[in-house]
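Note that the numbering runs from 1 along the sequence shown for the chain.
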Amino acid sequence: MAFQNCFLVPTIDKPTQVRNSSATLIDNIFVNNPEQVNYCGILINDVSDHFGHFCITHEICKRKTNSEKHKIQDYSQFSAKLLYALI
């Protein structure tokens with residue numbers, strides 16, 4: 001009830017922990033603007049009884065990777081001798 005009072009709604013509505021005798025929704029993702037949500041889901045796997053979950057919003061889908069700047073570390077001038085001289 002307190003989450004709804006803050007205008008937060010859950011995006012996950014299926015169990016995220018499944019065992020032989022039980023299935024429980026123990027993980028949540030709450031959003032305050034559900035119209036901005038494109039996809040939400042659970043990542044089911046056989047490795048664990050605890051599943052991962054995700055939520056993709058319109059903002060993430062709108063990003064253009066070509067316009068984003070990426071920082072790259074340049075190690076072409078790296079000198080181990082200079083590094084050890086500083087230590």
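Rounding to the nearest 0.5 angstrom, the gap separating the CD1 atom in I56 from the OH atom in Y39 is 7.5 Å. Note that OG1 of T11 is 4.5 Å distant from CD1 of I29, once rounded to the nearest 0.5 Å. Expressed to the nearest 0.5 Å, how far CD of Q36 lies from SG of C55 amounts to 10.5 Å. Atoms CD and CD1, on Q17 and I26 in that order, are 4.0 Å from each other to the nearest 0.5 Å.
The shortest side-chain heavy-atom distance between I44 and F51 falls under the 4.5 Å cut-off. The shortest distance between side-chain heavy atoms of T57 and N38 does not fall below 4.5 Å.
A donor-acceptor distance shorter than 3.5 angstrom exists from the side chain of S48 to the backbone of H50, with no hydrogens or angles considered. Judged purely by atom type and a 3.5 angstrom limit, T16 uses its side chain to pair as donor or acceptor with the backbone of D27. Of the possible donor and acceptor atoms, one in the side chain of N45 sits under 3.5 Å from a partner among the backbone N and O of V47.
Side-chain heavy atoms closer than 4.5 Å link hydrophobic residues (I, L, V, M, F, W, Y) into clusters, and following such links, even through other members, never connects L8 to V37. Hydrophobic cluster membership differs between F30 and I12, with clusters built from Ile, Leu, Val, Met, Phe, Trp and Tyr side chains linked at under 4.5 angstrom.
Among residue pairs with one or both ends in residues 47-58, those qualifying as salt bridge (Lys or Arg N to Asp or Glu O under 4.0 Å) are R19-D49; sequence neighbours excluded. Residue pairs meeting the salt bridge (Lys or Arg N to Asp or Glu O under 4.0 Å) criterion with at least one partner in residues 38-47, sequence neighbours excluded, do not occur; the list is empty.
Every residue meeting the side chain to side chain contact (heavy atoms under 4.5 Å, CB included) condition with P34, not counting sequence neighbours, appears here in chain and number order: V9, V31.
Around atom CZ of F7, no more than 12 heavy atoms belonging to other residues, nucleotides or ligands sit under 6.0 Å away.
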